[in-house]
Visitor: 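Submitted below is the structure of interest, expressed as C-alpha cells.
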Amino acid sequence: MALIVQKYGGTSVGNPDRIKNVARRVAEYRSRGDRVVVVVSAMSGVTDGLIKLAKDIAPLPSEREMDVLLATGEQQTIALTAIALHSLNVPAVSLTGAQAGIVTDGVHTKAKIHNLTPKKVRELLKQGNVVIVAGFQGETPEGQITTLGRGGSDLTAIALAAALQADLCQIYTDVDGVYTADPRIVKEAKKLEEISYDEMLELASLGAKVMQSRSVEFAKKFDVVFEVRSSLNDNPGTVVKEETKSMEDVVVRGVSLDKNQAKVTLVGVPDKPGVAARIFKALGDATVNVDMIVQNISHGSLDKVGATDLSFTVDKPDLLKAQKVIDGLKKELGFRDVIATEKIGKLSIVGVGMRSHTGVAAKLFETLANEGVNIDMISTSEIKVSVVIDLAKGEQAMQAVHAAFIGC
Ligand code: ADP
Ligand code: ASP
Ligand code: MG
C-alpha cells in the first residue's frame with residue numbers, strides 16, 4: 001500500500017469535466033489500496049484573472065493583500081475536487097495550506113516554507129480519506145496568509161512528499177513530460193525519459209515553466225524523486241532524479257526561453273567602491289530578484305572618478321518595484337539616467353555534459369549569428385549558457401538553437 005502525492009496544475013482542473021477526470025484518476029489509485037494526497041492549483045486563468053483585477057484597481061497593490069486574494073483561487077479547487085470525489089463515493093477532505101501545516105516566512109508573494117508538520121494530513125489519511133491540499137499557499141507563524149511564488153503548487157506537492165516520506169510523487173500537467181524545449185514553441189522537441197535535478201533546476205529557472213524552479217531545488221535538497229506526466233493520458237512521463245554517470249554523455253539536455261524578464265540599465269554610474277553594493281542591497285531589501293548583471297568598462301582616468309553603465313535583469317512583475325527603488329537612489333548615487341525595457345528574452349542551453357565538452361558556447365554564438373540575432377548579455381555556469389536577445393527574435397532563435405544542438 002503506497003502513499004502517493006499527486007499534483008494537478010491549472011489546466012488539469014480547468015473545468016468541471018477536468019475536475020471529474022482528476023477525481024476518477026484519484027479514485028482508481030485509491031481502489032488499488034493506495035493512500036492519496038492530492039495537491040491542486042487554481043483553475044487555469046483564475047490566478048491571472050485575480051492579478052488583473054487587483055492591478056485594474058492599483059498598479060502596485062499591497063503584497064499582503066495580493067496573497068489574501070490569490071490564495072482564494074486554490075481554495076475553490078480543493079472544495080470542487082472534494083465534491084467530485086464525494087460523488088464517486090470516495091471519502092475526501094479538503095485542507096488549505098495552513099490547515100495542512102505549511103508554515104512560511106513573511107515574504108509575501110514569494111514566501112519560503114519554514115517548516116511543514118502534516119499532522120492533520122496524516123490523521124485524515126489514517127481515517128481512510130483522500131486529502132486534498134491547496135497548492136501555492138501557506139501561513140506565517142503569526143497567521144498571515146502567504147503564497148509561494150508563481151507555479152508554487154509544485155512546491156507544495158514536493159514539500160508534502162518529503163514531509164510525508166511518500167513512496168511516489170507525481171506532477172500531473174498538460175504535457176506528458178519534460179521536453180528538450182517547450183513543445184508549444186519547438187515542434188521537434190523530444191520528450192525526455194529522465195533528467196537530473198540540476199538540469200531541471202536550470203531549465204526551470206531559465207523559463208521552462210513546466211516545473212517551478214524552487215520546487216526542484218527543494219526536491220534536490222530532500223532527494224524527492226518525482227515524475228512529470230499528463231493528466232489527459234496514461235503515457236509514461238519524465239522522471240526527475242539525482243544525476244547518473246550516463247547523463248554526461250548528452251551535451252545539451254534542453255533549450256529554454258524566458259520571456260518573463262526585463263532589463264534595467266543605469267547610465268553614467270560613478271565608478272567607485274560601494275556603488276554596486278548599495279544598488280543591489282536596496283533591490284534585495286525590496287525583495288526584487290536580480291538575475292544577470294553586466295557592467296561596462298569605465299570611461300574614467302586615474303585622477304578622476306569615471307562613469308560606467310550597469311545593466312541587470314529582473315522578473316517582469318518586479319520591474320515597477322525595481323524602478324521605484326532605483327529612482328530613490330538617483331540623487332544619492334548620481335547616475336545620469338535609467339532605461340528599462342521588457343522587450344528581451346533570455347535564451348539558454350542546459351546540460352551536465354557541458355562540464356566535459358568544449359566549444360559549446362562558440363557553437364551557440366555562431367548559430368545565433370547565422371540567424372542574425374544580436375547578443376545583448378551573456379552569462380554562463382558549469383552546466384548552462386544564457387544570452388539575452390531581442391524578444392521579437394526569441395522563438396526563431398530557440399528553434400534554430402534546438403535544431404543545432406538537439407536536432408529535428
Ligand atoms: P500546470 O498548470 O500544470 O502547472 P504549467 O503551465 O505551469 O502547467 O506548465 C506546463 C507548460 O510548460 C506546458 O504546457 C509547456 O508549454 C510548458 N513548457 C515549457 N518548457 C517546457 C519543457 N521543456 N517541457 C515541457 N513543457 C514545457
Ligand atoms: N495558481 C498559482 C499560479 O498560477 C500556482 C500554481 O498554479 O502552481 O501561479
Ligand atoms: Mg505550473
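Remember, it's 1-based here, ligands and their atoms both numbered in the order they're listed.
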Visitor: Under a 3.5 Å distance rule, please check whether Asn115 uses its side chain to pair with a backbone N or O of Val103 as donor and acceptor.
Guide: no
Visitor: Is a donor on one side and an acceptor on the other found under 3.5 Å between the side chain of Lys316 and the backbone of Lys259?
Guide: yes
Visitor: Looking at atom 7 (O) of ligand 1, what's its closest protein heavy atom, distance included?
Guide: Lys209 O, 3.3 Å
Visitor: N/O to N/O below 3.5 Å, does that happen between Ala208 and ligand 1?
Guide: no
Visitor: Closer than 4.0 angstrom: is that true for some heavy atom of Gly152 and an atom of ligand 2?
Guide: yes
Visitor: Report yes if some N/O of Phe136 lies less than 3.5 Å from some N/O of ligand 2; otherwise report no.
Guide: no
Visitor: Yes or no: does Gly9 have any heavy atom under 4.0 Å from an atom of ligand 2?
Guide: no
Visitor: If the threshold is 4.0 Å, N to carboxylate O, is there a salt bridge linking Lys281 and Asp285?
Guide: yes
Visitor: Please indicate whether Lys330 has more than 12 foreign heavy atoms, meaning atoms of other residues, nucleotides or ligands, lying under 6.0 Å from its NZ.
Guide: yes
Visitor: Return the orientation label for the Phe280 and Phe312 ring planes: parallel under 30°, perpendicular over 60°, tilted otherwise.
Guide: perpendicular
Visitor: Just which atoms of ligand 2 are under 4.0 Å from any heavy atom in Ser41?
Guide: 6 (C), 7 (O), 8 (O)
Visitor: Between Asp105 (side chain) and Lys112 (backbone), is there a donor-acceptor pair under 3.5 Å?
Guide: yes
Visitor: Side chain or backbone, does Asp154 bring an N or O within less than 3.5 Å of an N or O on ligand 1?
Guide: no
Visitor: In the protein, what heavy atom is nearest to atom 11 (C) of ligand 1, and what distance, to one decimal place, separates them?
Guide: Asp174 OD1, 3.9 Å
Visitor: Is there a donor-acceptor contact under 3.5 Å linking the side chains of Ser213 and Ser205?
Guide: no
Visitor: May I ask you to identify the nearest protein heavy atom to atom 9 (O) of ligand 2, giving residue, atom name and distance to one decimal place in Å?
Guide: Arg150 NE, 2.7 Å
Visitor: Check for me whether Glu74 has a heavy atom closer than 4.0 Å to any atom of ligand 2.
Guide: yes
Visitor: How far is atom 8 (O) of ligand 1 from its nearest protein heavy atom, and which residue and atom is that?
Guide: Thr173 OG1, 3.1 Å
Visitor: What do we get for Lys7 next to ligand 1 when only non-hydrogen atoms under 4.0 Å count, side chain, backbone, both or neither?
Guide: side chain
Visitor: Do the side chains of Arg184 and Asp174 get close enough for a salt bridge, i.e. N-O under 4.0 angstrom?
Guide: yes
Visitor: With only distance considered, is Lys7 within less than 3.5 Å of ligand 2 through an N or O on each side?
Guide: no
Visitor: Counting only nitrogen or oxygen atoms and a 3.5 angstrom limit, does Tyr179 reach ligand 1?
Guide: yes
Visitor: Under a 4.0 Å N-O cut-off, is there an ion pair linking Asp315 with Lys321?
Guide: no
